[in-house]
Amino acid sequence: MPDRTDRWAYRSLIKFGTDFTDQHVIQPFNEAKADKKVRLAAVANNKDNFSKVFGKVLADRMADHIHTIAGMGR
C-alpha cells in the first residue's frame, strides 16, 4: 500500500487531465520518487514547495519515458 505522500503525488499527476494508466506512469513515478532532489525536497519543504520540485522531476521523467516508448515503434 502506498504511503500518504505516494498517494498525494500520484493524484497530482492526474490533475493534468491525462488518461495514462498505472502501467504508463509507474516507472517514471518511481524514478521521480527515488530522485535525490525529490527526496531532499520532501524533508526540507512544505507540501506546496515539495510539489513544485516533484512536479518538475516527474514531468521530466514522463517526457523521457514517452520519448523512449515512441522510439520503440521506429
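Hydrogens, waters and symmetry mates play no part in the numbers below; they use all other heavy atoms, side chains included. These numbers were taken from a predicted model, which means no experiment stands behind them. FYI, the numbering just counts along the sequence from 1.
A side chain to side chain contact (heavy atoms under 4.5 Å, CB included) with Lys56 holds for exactly one of Asp60, Val53, Leu58; it is Asp60.
Note: Lys37 NZ to Leu40 CG = 10.5 Å, rounded to the nearest 0.5 Å. Distance NE2/His65 to CZ/Phe29: 13.5 Å, rounded to 0.5 Å.
Listed by chain and number, the residues in a side-chain contact (heavy atoms from CB on, under 4.5 Å) with Ile66 are Phe20, Met62 (sequence neighbours excluded). Taking Asn30 as the reference, Ile26, Lys33 meet the side-chain contact (heavy atoms from CB on, under 4.5 Å) condition, with sequence neighbours excluded. In terms of the side-chain contact (heavy atoms from CB on, under 4.5 Å) criterion, residue partners of Asn49 (sequence neighbours excluded) are, by chain and number, Asn45, Asn46, Lys52.
When all heavy atoms of Ala32 and Phe54 are compared, the closest pair comes out as CB-CE1, 3.9 Å.
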